[in-house]
Amino acid sequence: MIFLTLEHILTHISFSIVSIVITIHLITLLVDEIVKLYDSSEKAMIATFFCITGLLVTRWIYSGHFPLSNLYESLIFLSWSFSIIHIVPYFKKQKNHLSAITAPSALFTQGFTTSGLLTEVHQSAILVPALQSEWLIMHVSMMVLGYAALICGSLLSVALLVITFRKDIKIFYKNNHLGNESFSNVFGNTYFFSAKNYYKSQSIQQLDHWSYRVISIGFIFLTIGILSGAVWANEAWGSYWNWDPKEIWAFITWTVFAIYLHTRTNTKLPPANSAIVASIGFLIIWICYFGVNLLGIGLHSYGSFTLTSN
Amino acid sequence: MGILTLNLSSPTLKPYQHHNNLLKCPLSLYNSQIHRLCRKKNLSITITCKLKATKESAERERNRVGKKIVVSEGSPSLSEDAGNGRVPASSDQNSVGNFKLLKKLSRRVLSVLSNLPLAIGEMATIAALMALGTIIDQGEVPDFYFQKYPEDNPVLGFFTWKWIFALGFDHMFSSPLFLSLLALLAASLMACTYTTQIPLVKVARRWSFVHSAEAISKQEIAETLPRASVQDLGVILMGAGYEVFLKGPSLYAFKGLAGRFAPIGVHLAMLLIMAGGTLSAAGSFRGSVTVPQGLNFVVGDVLGAKWISLYSYRSFLVRQFHTDLSLLDLEGKEVMRKTISVNDPLRYGGITIYQTDWSLSTLQILKDDEGPFNLAMAPLKLNGDKKLFGTFLPVGNTDSPSVKGISMLARDLQSIVLYDQEGKFAGIRRPNSKLPIEIDGTKIVIVDAIGSTGLDLKIDPGVPVVYAGFGALMLTTCISFLSHAQQPLGEDTWRV
C-alpha cells in the first residue's frame, strides 16, 4: 500500500515539475533569457529525473520484476530516458538547445501515460512466462533508450528544417548569445539583416552537429536492442527473426537511420537533406512504437492496448 | 621579424568556427594557431598557420628546404603508392586480351554497384517493401485477397489482387522481388567494401612516405610552407593528438584510424549476418508437436523423448510452465534429461527443443464408480493469456437434440469447477483429492487432469554464423561511434 501511494506522489511531483520547466523554457525562447531561471530549471529537471527513477525503482520492488512489461511501464521508462538525455549535456557543461526539446517530450510522455487512456495497465502484474528472462532488461531498455535518443535527434532535425525553410524568424532577434545587440543597433538595418543570417547559419550548424551526435548514440542503442531481441527470440521462440510486425518496423527504423548516416558522408550537400531523412525517421519511430501496438497482433502483443472510453 | 601566413582556404568556407585549438608549442618562437580544415565532415575550418620568426631564427630558416604541408581528406590516391601497380605478365596474347576484357567488365560492374546513392535507394526500397508486408496480410488463402482487394473496387484506385499475386506480396518476405533486392544490397556491400574501403587499409598500413615534392603537390590540398622545420611541425601535430612518424625529411601523421576501419567492420558484419541467414533459410528444419503427459514421442529416427510432468502454480494465471524431458536413444537408454521452460530450451547434438505452450488434454473421471472415463477437454476462448478448458458429461437421454449434462471447467491442472445440468455452480474438486461430488444424483470423482505440452523442435545450422555477425555488428558500431566522438571531424592525415 505504501508503494502505491509513493508511486502516486512521485508521479505527480514529476509531472508538475516538468510542466513548470516547460513554461520556463518557453519564456526563455520567446521572450528573453533570464539566467537564474535557467539554472533553476536545470535543477528542476534533475529533480524530475530522481522522481522518475524513484518511480521505476518503486515499481520494481513492488512487482518483483524489472518495470518494463507493458506499454505503461515502457512509457515511463521513455520519459526517464528523456530526462537522462536532458541532463547529460548539463553535466558536461555544454549549453545547448536540446533542452527545449527533451523537456516537453518528457512531459508529454508522462502526461499521456498518467492520463485516463491507459488506466487498466497501471497496476503491476506478474509477468507472462515468455517475459521471464534476463534478456528482458537488456533488450527492452536498449530499445527504449534508442527510441528516446532517436526521437530527440529527429526533433532537432525537424527544428533545423523549420529554421531553414522559414523566411521570417522572429525568435532570434533578441538572442544575446553573442552579445551583438548593440552592434546591430549601431550599424542599422543592413547589418542587422546579416546578423540574422549569421544566427541562422550558426543555429543550423549547431542543430546539425547535435542531431548527428544524438542520432548516432540512438543508432547504437537501437542496434544493440534489435540484436539482443533477436538472440532472445532464438532462446525463447526458436528463431531469431520471425517477420513479426514489431520486428519489421524496428528494422525499418534502423534502415532509415542508416540512410541518414550515409547521407551525411557526402559533405557537399547542405545539411537539410539528412535532416529530411531524420524527420521521416521520427514518423517511423512513432509508427514502430505505437502503431504496431495498436494492431495488437503478433508476438509482441504484450504492449497492446485498446482505447477505452473512460 | 618575418611573418609568414599560410592560408588554406576552401570554397566551402563557413563563418562558424568550431574548434579553437591553441597549441602550446614548446618553441616559443612560433605562435601558431591551427584550425583544421577538413572536408570530410560538414564542418570546415580554415587552417591558418602563422609563423613568427625572430631575426636569428630567420637566418636559420632561410637555409632550410621548402616543405609542403599536405592535408589529405581521405586516402591519398593509389598512384602515390611507393610500389606501383604491377602489370600481369603473360605470354599468351589471347588470354591477356580476354583477361583484360573481364577485368574491364568487372571494374565497370564494381563501380556501378559501389555507388552510394544506389545503395541508399536499395535500402529505401527494402524498407518500403517491408512496410508494405506488414500492411498486407501475409500467407492467407487466395480467396482472402480476392475479397479484400477486389477488382471492381481497387484500393488507392489501382491496387487489386492481381498486383499482389504478380509481385508476390502475399508471401512478401520470401518473394523473388524482395530476395533479389536483398541480394543486390549484399552485392553493393561487397562491392563497396572491396573498392573503397580495403584500399584504405592498404594505404594506411604502408604508411608510405612520399619524398618528392612534386608528388605531394599533386594532392588535393597542398601548400608550401617555406622555411619551416619538420620537427617543429611534428611537435605541433603531436600536441594536437596526431600520431606522427618521421623519416628523414618526410613526415606522416594521422589521427582517428579506428574511425576508418570501423565502417569496414560494420559492412563485413552485415555480410556475415546475411550469409548466416541464407544458411538458415537453406538448411534449417522445424516442427512442433503436442504431447500428452507421460507419452513417448519419436523424433526422426534418432531419439525419442518422454514427457514426465507438467506443473504450474499460482492458479488463475499460470506463472511458468515446465516440462521434464528425457531423451532416449534408439536402445532406450537415457541420454539426457532436462527440465525445460519457455526461456530455457534443451540442446542436444544440433537439435533444440523449445517449450512453447501447454494445454489440458483430457480429464479422467469416475462416474458412479464406473470408469475411468476419459473426457477430452477443449480450449475455450478467453482474452489475453488466460486459458480455459472445458468438457461436458452428458446425463440422461443422449439421443435427444437438447442433451443436458454436467460441465467441467478448468483454468489449470489444480482445480476443476463443476456445474450441474442447469448450469448452476456445483463445486470445485482437486484431481488428487479423490473426493466425490454429488450432482443431480450422479457421483463424480475426478481422478486426474492430464495436460499436454507443446514443444517445438528445430535444427538450424546458420545460428552460429548469425550470432558471430551479431556480435561483430555490435562491436563495430560501438567502435565507429567512439572514434567519431573523439575525432568528430573524421580522419586527418598530414604528409610532409
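When reading the values below, keep in mind they use all heavy atoms of this one structure, side chains included, and skip hydrogens, waters and symmetry mates. Lettering follows sequence order; numbering is per chain, from 1.
- Across A:V277, A:N234, A:I284, A:I226, the residue that shares the most heavy-atom pairs under 4.5 angstrom with chain B is A:N234.
- In this structure, the portion of B:L116 lying under 4.5 Å from any heavy atom of chain A is its side chain and not its backbone.
- Taking B:G133, B:A127, B:G277 one by one and counting their heavy-atom pairs under 4.5 Å with chain A, the maximum is reached by B:A127.
- Residues passing the ring pair (Phe, Tyr, Trp, His ring centres under 6.0 Å) test with A:Y147, sequence neighbours excluded: A:Y289.
- With a 4.5 angstrom heavy-atom cutoff, A:L227 touches chain B via backbone and side-chain atoms both.
- Ring pair A:F219/A:W254 is parallel by interplanar angle, where below 30° counts as parallel and above 60° as perpendicular.
- A:S279 places a side-chain heavy atom less than 4.5 Å from the side chain of A:L161.
- Residues passing the ring pair (Phe, Tyr, Trp, His ring centres under 6.0 Å) test with A:W241, sequence neighbours excluded: A:W243, A:F251.
- Using a 4.5 Å cut-off between heavy atoms, A:I217 touches chain B through backbone and side chain atoms alike.
- Both the backbone and the side chain of B:A124 come within less than 4.5 Å of a heavy atom in chain A.
- When all heavy atoms of B:S174 and B:L179 are compared, the closest pair comes out as O-CD1, 3.7 Å.
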